[in-house]
Number of protein chains: 2
Amino acid sequence: MTDTTTPRVLVLSGEPPAGLAPLAGLAELRTVTEERLAAELPGADALLVWDFSTDALPAVWPRAGGPRWVHTASAGVDRLMFPALVDSDTVVTNARGVFEQPIAEYVAGQVLALAKDFAGTYARQRERVWEHRVTERVAGTRAVVVGGGPIGRATARTLAALGLRVSLVGRTARTDDPEVGRVHAFAELDALLPDADWVVAAAPLTEQTRDMFDARAFALMKRGARFLNVGRGPLVVEEDLLYALRQGRLGGAALDVFREEPLDRDSPLWDAPGLLVSPHMSADTTTWLDDLAEVFVDNFTRWRAGRPLRNVVDKKLGYVPVTPVEGAPR
Amino acid sequence: MTDTTTPRVLVLSGEPPAGLAPLAGLAELRTVTEERLAAELPGADALLVWDFSTDALPAVWPRAGGPRWVHTASAGVDRLMFPALVDSDTVVTNARGVFEQPIAEYVAGQVLALAKDFAGTYARQRERVWEHRVTERVAGTRAVVVGGGPIGRATARTLAALGLRVSLVGRTARTDDPEVGRVHAFAELDALLPDADWVVAAAPLTEQTRDMFDARAFALMKRGARFLNVGRGPLVVEEDLLYALRQGRLGGAALDVFREEPLDRDSPLWDAPGLLVSPHMSADTTTWLDDLAEVFVDNFTRWRAGRPLRNVVDKKLGYVPVTPVEGAPR
């Protein structure tokens, strides 16, 4: 495309977010409702799926002449992987980066909080008790991060930046990963658990990962090791975690996700020894709307300059692969 | 020195720490008391000042034939900078790295804890309250770290590793710092404060830094910015910090050091809004004795292999310069 035209960009749906202001004059932004989508889609150059919970697209996607580029303000793209779009030449991009960095920061923060016993320090502060203790250094300790997707990878990178020795475990083993080098297979987890000071569950919920962290896994872990879950609640057998904490087998834990949310007031997890409970909020930041808009603005700028887009979805795989597809919309 | 001799290493004083076990057979380790120091020093190849609070050395340092290498299990070397040692050919090394990394981790942890409101989350957990909130992302925010020494530098490196944009402020401005690039002078601090989301005091206490953080400095800071002190208590005018927190001018703070320690039970700092109080423990880890021993063992190995030592003190400056002196003991 040339720089002399002003592309028509449909925004589905709601008010165009304030973060799109930099596009004024560069794009013709049109907010469209689900009802008007069928009528507007054929004339659009690009579609920004701002309301990523929409299920309206498959029914109205044109056989020919659809937008050359669809961007979704979400990490998941499952609602866009319908045959007519997958088989088209339309490039799909997502908001990779907006959600995983905050989660990685949350994990790094809770790792440091557990190592430095911040909860114990804050509790003493409330009682006005000055009690010096020695705490732990995290640099040089070993972490196993389970989850080879964007969240696991961002978490692994962030922990490594703090000097931890990190092993990443994913669905597929490989030794030539461009970001993290080696990725271990799920089958290797048992061999990695005994050496880990920190085990972080950051995997999606699949039949392979459900109940992955049970009594057997906790028994393999080093006495005093810590366990964190930022993936999905059902990765963990909560009774088994509770038992491991009460036995002192695990030295602490931090859970941001639970099998049932919100966590019941009567749940024994609230006061399990050494367990930090947070209400499924690790990904959610004050700037998330701006961050989502910024990814689109950046990609729009790339599009207009004819440069490769960020976060191009491999439509056969259904996600943004680690080695990016260097595709740009025609 | 050749590899065929076994050097005599005096350890002053106390039991030789367990972490020196790797030296068995490689060195003749002799623990020496302050009383025996004068008699033993002339025949020693190296001296490990394990009790770094000793003041015994200046009186007994031999005019000639002293140890070729003195290592102190401390960051400060002021007790070793007496003329006879400074003017000698003896190489002095210190424990740089053992204390600053834990402090840097503490700062990173409290920055994340403030950004993610861990204190608020832990308080809700005690009440069994599930209350989702949005919190802050730290990557991309701006930090000013005041203190160009090892602690400030380690802190700056660690925050930068988390994606913060960090400005380091020290006694001497320079643009060619091998580790951090640019270092700003104290005089530039006023210009940096208004843009900072985080201001970290990590400077030593000198006449230049005393009361550096007062009402004037807090008034220059961005509304809602956070302040942390891991340097020395008197860097901060505590009444002014209290006022800035109560006015909501600052969004939070974390203090590990205070003008009077322990902090009095009646101090208004204990429950100042948004203030995290910890009892001067950021540097103190469970492994500090092992870490101190490890630095010596590493340097001993380098010495025997004829490689440059780590942490060589510039005896004219009185500290380990950023660009290391590439000296090895004869």
Side-chain angles (χ1 to χ4, degrees), chain A residues 98 101-102 104-119 121-140 158 160-163 256 258 261-267 269-271 275-282 284-288 291, chain B residues 98 101-102 104-119 121-140 158 160-163 256 258 261-267 269-271 275-282 284-288 291:
Chain A
V98 170
Q101 186 59 34
E105 292 181 356
Y106 171 92
V107 171
Q110 292 283 49
V111 162
L112 288 163
L114 286 164
K116 313 292 180 189
D117 189 26
F118 283 171
T121 298
Y122 303 163
R124 285 170 179 79
Q125 179 179 352
R126 280 191 308 279
E127 309 296 327
R128 298 180 170 238
V129 171
W130 178 280
E131 185 185 350
H132 177 275
R133 292 102 66 211
V134 290
T135 62
E136 296 165 29
R137 181 173 167 152
V138 304
T158 301
L162 287 173
D256 190 52
F258 300 85
E261 298 179 4
L263 189 62
D264 192 273
R265 271 190 79 84
D266 295 329
S267 169
L269 293 173
W270 285 110
D271 57 5
L275 176 62
L276 304 174
V277 169
S278 56
H280 202 151
M281 58 188 269
S282 68
D284 303 328
T285 67
T286 50
T287 58
W288 73 288
D291 295 340
Chain B
V98 170
Q101 185 58 33
E105 291 181 356
Y106 171 92
V107 171
Q110 291 282 48
V111 162
L112 288 163
L114 286 163
K116 313 292 181 191
D117 189 26
F118 283 171
T121 299
Y122 303 162
R124 284 170 180 80
Q125 180 179 351
R126 280 190 309 279
E127 308 296 327
R128 298 181 171 237
V129 171
W130 178 280
E131 186 185 350
H132 178 276
R133 295 101 66 211
V134 290
T135 62
E136 296 166 30
R137 182 173 166 151
V138 303
T158 301
L162 288 172
D256 189 52
F258 299 86
E261 297 178 4
L263 189 62
D264 193 273
R265 271 191 78 84
D266 295 329
S267 169
L269 293 173
W270 286 111
D271 57 3
L275 177 62
L276 304 175
V277 169
S278 57
H280 201 151
M281 58 188 268
S282 69
D284 303 328
T285 67
T286 49
T287 58
W288 73 288
D291 296 340

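Every value quoted in this text rests on a predicted model; they were computed, and no experiment measured them. Lettering of chains follows the sequences in order, A, B, ..., and the numbering in each one begins at 1. Values reported hereafter were calculated over all heavy atoms of this structure, with side chains retained and with hydrogens, waters and symmetry mates removed.
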Legend entry - Close side-chain approach of B/Pro279 and A/Thr121, heavy atoms under 4.5 Å: yes
Legend entry - Note: A/Arg128-B/Asp264 ion pair, threshold 4.0 Å (strictly below): no
Legend entry - Student check: side-chain heavy atoms of A/Glu136 and B/Thr285 closer than 4.5 Å: no
Inset, instruction - Examine whether an atom of B/Arg133 lies under 4.5 Å from a heavy atom of chain A, and if so say whether it belongs to the side chain, the backbone or both; otherwise answer neither. - result: both
Inset, instruction - Say whether, by atom type as modelled, one donor and one acceptor occur between the side chain of B/Glu105 and the main chain of A/Leu112 under 3.5 angstrom. - result: no
Inset, instruction - Sort B/Gln101 into side chain, backbone, both or neither according to what part of it lies under 4.5 angstrom from a heavy atom of chain A. - result: side chain
Legend entry - Leading residue by heavy atom contact count with chain B [cutoff under 4.5 Å; candidates A/Leu263, A/Asp266, A/Thr135, A/Val111]: A/Thr135
Inset, instruction - Of all the heavy-atom pairs spanning A/Ala113 and B/Tyr122, show the shortest one and how long it is. - result: CB-OH, 3.3 Å
Inset, instruction - State, with a plain yes or no, whether a side-chain heavy atom of A/Asp271 is found less than 4.5 Å away from one of B/Arg126. - result: no
Legend entry - B/Tyr106 portion near chain A, given a 4.5 angstrom heavy-atom threshold: both
Inset, instruction - Kindly compute the distance separating OG (B/Ser278) from CD (A/Gln125), expressed to the nearest 0.5 Å. - result: 8.5 Å
Inset, instruction - Tell me, for B/Ser267 versus chain A, whether the close heavy atoms (under 4.5 Å) come from the side chain, the backbone, both or neither. - result: backbone
Legend entry - Residue B/Gln110 versus chain A: region with a heavy atom under 4.5 Å: both
Legend entry - Partner chain B: residue of A/Asp291, A/Val138, A/Leu275 with the largest heavy-atom pair count (under 4.5 Å): A/Val138
Inset, instruction - Measure the spacing between OG of A/Ser282 and NZ of B/Lys116 and express it to the nearest 0.5 Å. - result: 8.5 Å
Legend entry - Non-hydrogen side-chain atoms of B/Trp130 and A/Glu261 separated by less than 4.5 Å: yes
Inset, instruction - Tell me, please, which residues at least two apart from A/Val134 pass side-chain contact (heavy atoms from CB on, under 4.5 Å). - result: A/His132, B/Asp284, B/Thr286
Inset, instruction - Under 4.5 Å, counting heavy-atom pairs only, tell me which of B/Leu162, B/Leu269, B/Thr287 racks up the most with chain A. - result: B/Leu162
Legend entry - Region of B/Ala108 in contact with chain A, defined by heavy-atom distances below 4.5 Å: both
